[in-house]
Q: 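Below you will find the structure I want to go over with you.
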Amino acid sequence: AELDLKNDLDSIIALIATLDCVITIGSAVSHIAGAIGTKQLLLTPRSWVHLGQNYHPFFNCIKLLIPDNGKRVSDVLEQAATELKKMSKL
């Protein structure tokens with residue numbers, strides 16, 4: 001059966017819970033994965049939400065991948081690939 005991505009939140013949460021890791025930008029998926037403890041690589045610009053930290057202060061399962069000043073979020077994709085390789089060796 002097809003997953004209703006708009007109206008079936010329980011199934012979306014169950015799907016995210018089965019994943020080893022989520023790679024995403026700041027979105028509902030990011031918050032759901034953080035809330036249920038699914039490991040995550042979050043590609044994001046520096047934000048007040050991080051409270052000046054280099055980690056996500058509300059979800060310890062999230063690794064922030066923040067581009068250097070003046071760079072784009074897409075500039076951290078190589079870092080995401082490196083982190084994913086590290087995770088696959090565990």
Side-chain angles (χ1 to χ4, degrees):
E2 253 186 66
L3 183 61
D4 182 348
L5 296 174
K6 188 174 180 182
N7 299 306
D8 190 359
L9 193 56
D10 289 337
S11 293
I12 293 168
I13 292 169
L15 174 65
I16 292 171
T18 66
L19 301 174
D20 293 326
C21 179
V22 172
I23 302 173
T24 187
I25 59 170
S27 65
V29 170
S30 172
H31 292 281
I32 290 169
I36 62 175
T38 300
K39 288 182 185 177
Q40 181 180 156
L41 299 176
L42 179 58
L43 288 68
T44 183
R46 188 161 303 286
S47 170
W48 69 269
V49 174
H50 308 137
L51 303 177
Q53 305 300 316
N54 289 325
Y55 58 88
H56 201 295
F58 304 110
F59 302 118
N60 64 1
C61 58
I62 295 178
K63 176 153 181 84
L64 297 177
L65 301 179
I66 301 171
D68 294 330
N69 287 337
K71 300 288 185 175
R72 299 181 312 197
V73 170
S74 60
D75 293 330
V76 296
L77 289 176
E78 189 173 318
Q79 185 183 356
T82 300
E83 291 295 330
L84 197 55
K85 286 177 187 173
K86 285 181 195 175
M87 286 181 194
S88 69
K89 292 178 182 177
L90 297 177

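Only a predicted model underlies this, so the values are computations on that prediction, with no experimental measurement involved.
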Q: Give every donor-acceptor pair under 3.5 Å between a side-chain atom in residues 60-70 and any protein atom, sequence neighbours left out.
A:
none

Q: Does Gln53, at its CD atom, have more than 12 non-hydrogen atoms belonging to other residues, nucleotides or ligands within less than 6.0 Å?
A: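 For Gln53, atom CD is crowded (more than 12 foreign heavy atoms under 6.0 Å).
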
Q: Any chain of hydrophobic side-chain contacts (each under 4.5 Å) joining Leu42 to Val22?
A: no

Q: If you link ILVMFWY side chains whenever their heavy atoms are less than 4.5 Å apart, which other residues fall into the same cluster as Tyr55? By chain and number, please.
A: none

Q: Is there a path of hydrophobic side-chain contacts, each under 4.5 Å between heavy atoms of I/L/V/M/F/W/Y residues, joining Leu43 to Trp48?
A: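 In one cluster with Trp48: Leu43, no.
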
Q: How would you list, by chain and number, every residue that makes a ring pair (Phe, Tyr, Trp, His ring centres under 6.0 Å) with Phe58, sequence neighbours excluded?
A: His56

Q: Look up atom OG1 in Thr44 and atom CD1 in Ile25, then write down how far apart they are to the nearest 0.5 Å.
A: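 Here the interatomic distance stands at 8.5 Å.
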
Q: Once side chain to side chain contact (heavy atoms under 4.5 Å, CB included) is applied, do any residues pair with Asp8, and if so which ones, sequence neighbours excluded?
A: Leu3, Asp4, Asp10, Ser11

Q: Looking only at non-hydrogen atoms, find the nearest pair between Leu84 and Leu41 and report the distance.
A: N-CD1, 4.2 Å

Q: Can you list everything that forms a side-chain hydrogen bond (donor to acceptor under 3.5 Å, both in side chains) with Thr38? Sequence neighbours excluded, please.
A: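 Testing Thr38 for side-chain hydrogen bond (donor to acceptor under 3.5 Å, both in side chains), a comparison that skips the adjacent residues, returns none.
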
Q: Are a donor atom and an acceptor atom from the side chains of Gln40 and Thr24 found within less than 3.5 Å of each other?
A: no

Q: Is there a donor-acceptor pair closer than 3.5 Å between any side-chain N or O of His31 and the backbone N or O of Ala28?
A: no

Q: Thr18: which residues meet the side chain to side chain contact (heavy atoms under 4.5 Å, CB included) condition with it, sequence neighbours left out?
A: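 So Thr18 forms a side chain to side chain contact (heavy atoms under 4.5 Å, CB included) with Leu15.
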
Q: According to a hydrophobic-cluster definition based on side-chain heavy atoms being under 4.5 Å apart (Ile, Leu, Val, Met, Phe, Trp, Tyr only), do Ile36 and Phe59 belong together?
A: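 Ile36 and Phe59: separate clusters.
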
